[in-house]
Amino acid sequence: MSSADNIERSIAELNLTTRAETDKRILNDAYAALGKAVHKQQPMTGTGIGRMVLRSRFAVPAAIAAMILLAFALFVNNQTGKAVNIKGIYGALSEVQNIHISEFQAGRTSPDQQIWASETLGVKLFKTELGNQEQYTLWDTKNRVKMIKYLSSNAVHTEPITQQMLAEFEKSAAGSADMVPFSDGNDIPSDAQWSWIDDREVSAAVPGTKAYDLNWIAKSTDSQAVVHRKWRVFVEERTNLPRRIEWYAKSGPEDEYGFEKSVVVAYPSEDEIQDIIKNIFGPRDDRPDDPEFIGTPGAQR
């Protein structure tokens, strides 16, 4: 088998998928390099046969080198563009123990809701804007206590968490964070399209990340209506964890996607989450054991 055949086979085995613009740019660079190599090695004197032999002697290795450069460039581009698989994001999120999520509806500059959650502490803290009031709700599942505090008051309402309350909370909380489009990565439709966004301006919105889109058609179970959806995620390269998530939708394939909401994600430590809870509800040691009266010193029932 010839060297050219080996190179062709190696390129085919890479199973590359890149954008047309990127491929064209890489091909142009490779052919330019090939042209320079041949021109540089072309002898200036000698018979026609001698010139042909010398050109063959030097230009063929140069051509092979250029093709290797092309294969390598396409491979590197593919690794850069396809480095993150969507199921890899699901896998990375499944390992997270502590998280902070800020949800923004379209047109809003301040979050409508923030959530701090710690698997190790067994707590979920919600901060919600209700009109002109801000409310904190803490679900302490380890101690089976739910606490509510309005920022406009020092009072803390508390109640014990029953088994029924816990079951309902876990069911509702499972899909409330708007982190991923499907609760399980295996539920992603087979015809959904996952693609890297080859646009530096888009990725620059969240430094240190690469941006990806998941496009799919959501079909209603009780009607023939469909919605075209797009889930854009900015993924931290080192960890495969999302740093920002954007949701888009449109009615028809020819329509423009409309922005719906975004989610900003951080990964605090357990100590940081404990400090936030202490600042809101007071240190645990300062709280009476009576579950009907838990909160900062002097808190009202």
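All figures in this text were calculated on a predicted structure; none of them were measured in a lab.
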ask   = Do Val265 and Val96 belong to the same hydrophobic cluster, where Ile, Leu, Val, Met, Phe, Trp and Tyr are linked whenever their side-chain heavy atoms lie under 4.5 Å apart, directly or via other members?
value = yes
key: Modelled atom types, side-chain donor and acceptor of Gln133 and Ser152, under 3.5 Å   = yes
query = Of all heavy-atom pairs between Tyr90 and Pro181, which one has the smallest distance, and what is that distance?
reply = OH-CD, 3.8 Å
note = Nearest heavy-atom approach of Ser203 to Ala211 is OG-N, 3.5 Å
key: Phe182 to Asp187 - nearest heavy-atom pair and separation   = CD2-O, 3.9 Å
message = If we check side chain to side chain donor-acceptor pair (under 3.5 Å) with Glu129, which of these qualifies: Arg108, Gln135, Gln114?
response = Arg108
key: Step-by-step side-chain contact (heavy atoms from CB on, under 4.5 Å) determination, Ile115 to Glu103   = CA-CA 9 Å; Ile115 304 171; Glu103 301 179 10; 4.0 Å; yes
key: Side chain to side chain, Gln163 and Arg144, heavy atoms closer than 4.5 Å   = yes
message = Do Met179 and Ile99 have side chains that approach each other closer than 4.5 Å (heavy atoms only, starting at C-beta)?
response = yes
query = Given the rule in the side-chain contact (heavy atoms from CB on, under 4.5 Å) test, do Lys146 and Phe169 qualify, once you have shown the distances and angles that lead to the verdict?
reply = CA-CA 11 Å; Lys146 176 183 176 183; Phe169 169 71; over 6 Å; no
query = Once you round to the nearest 0.5 Å, how far does CD1 of Ile280 lie from CE of Met147?
reply = 9.5 Å
request  = Show your working on side-chain contact (heavy atoms from CB on, under 4.5 Å) between Arg232 and Val202 and close with a plain yes or no.
outcome  = CA-CA 10 Å; Arg232 175 166 293 176; Val202 174; 4.1 Å; yes
query = Is the number of heavy atoms from other residues, nucleotides or ligands within 6.0 Å of OH (Tyr150) greater than 12?
reply = no
remark   = Note: Val206 and Thr209 closest approach over all heavy atoms is O-OG1, 2.5 Å
query = Any donor-acceptor pair under 3.5 Å linking the side chain of Ser94 with the backbone of Gly91?
reply = yes
inquiry  = For the residue pair Tyr257 / Asp213, report whether a side-chain donor-acceptor contact shorter than 3.5 Å exists.
reply    = no
key: Thr141 (side chain) donor-acceptor with Gly122 (main chain) under 3.5 angstrom   = yes
query = Quick one: do Trp196 and Trp194 end up in the same hydrophobic cluster if we chain Ile, Leu, Val, Met, Phe, Trp and Tyr together by side-chain heavy atoms under 4.5 Å apart?
reply = yes
key: Within-4.5 Å side-chain heavy-atom neighbours: Tyr267 and Arg243   = yes
request  = Locate the shortest heavy-atom distance separating Phe234 from Ala205; write the atom from each residue and the value.
outcome  = CE2-CB, 4.3 Å
remark   = In terms of heavy-atom contacts, Lys149 and Ala155 come closest through CG-O, 3.7 Å
ask   = Using 30° and 60° as the class limits, which term best fits the ring planes of Tyr136 and Trp116: parallel, tilted or perpendicular?
value = tilted
query = About how many Å separate CD1 of Ile245 and CD1 of Ile101, when rounded to the nearest 0.5 Å?
reply = 8.0 Å
ask   = Same cluster or not: are Leu241 and Val264 linked, directly or through other Ile, Leu, Val, Met, Phe, Trp or Tyr residues, by side-chain heavy atoms under 4.5 angstrom apart?
value = no
ask   = Taking atom NZ of Lys230 and atom CG of Leu214, what is their separation to the nearest 0.5 Å?
value = 11.0 Å
Distance (rounded to the nearest 0.5 Å) between Asp271 CG and Ile276 CD1 = 11.5 Å
task = Please say whether the positively charged group of Lys124, taken as NZ for Lys or CZ for Arg, lies over the ring of Trp139, i.e. under 6.0 angstrom from the six-membered ring centre and within 45 degrees of the axis.
result = no
task = State, yes or no, whether a side-chain contact exists between Ile86 and Trp231 at a heavy-atom distance under 4.5 Å.
result = yes
query = Would you say Asn240's side chain and Ala92's backbone share a donor-acceptor pair under 3.5 angstrom?
reply = no
message = Please determine whether side-chain contact (heavy atoms from CB on, under 4.5 Å) holds for the pair Leu121 and Lys142, giving the CA-CA distance in whole Å, both sets of side-chain angles, and the decisive distance to 0.1 Å.
response = CA-CA 7 Å; Leu121 293 173; Lys142 277 191 176 181; 5.7 Å; no
query = Would a hydrophobic clustering, with Ile, Leu, Val, Met, Phe, Trp and Tyr connected at side-chain separations under 4.5 Å, put Met165 with Phe126?
reply = yes
query = Rounded to the nearest 0.5 Å, what separation is found between the CG atom of Leu125 and the CD1 atom of Ile273?
reply = 9.0 Å
Joint cluster assignment, Trp216 & Tyr248, ILVMFWY side-chain distance < 4.5 Å = no
ask   = Roughly how far, to the nearest 0.5 Å, is the CD atom of Gln97 from the OG atom of Ser118?
value = 7.5 Å
inquiry  = Just so I know, are the side chains of Lys210 and Val235 near enough to count as touching, which here means a heavy-atom distance under 4.5 Å?
reply    = no
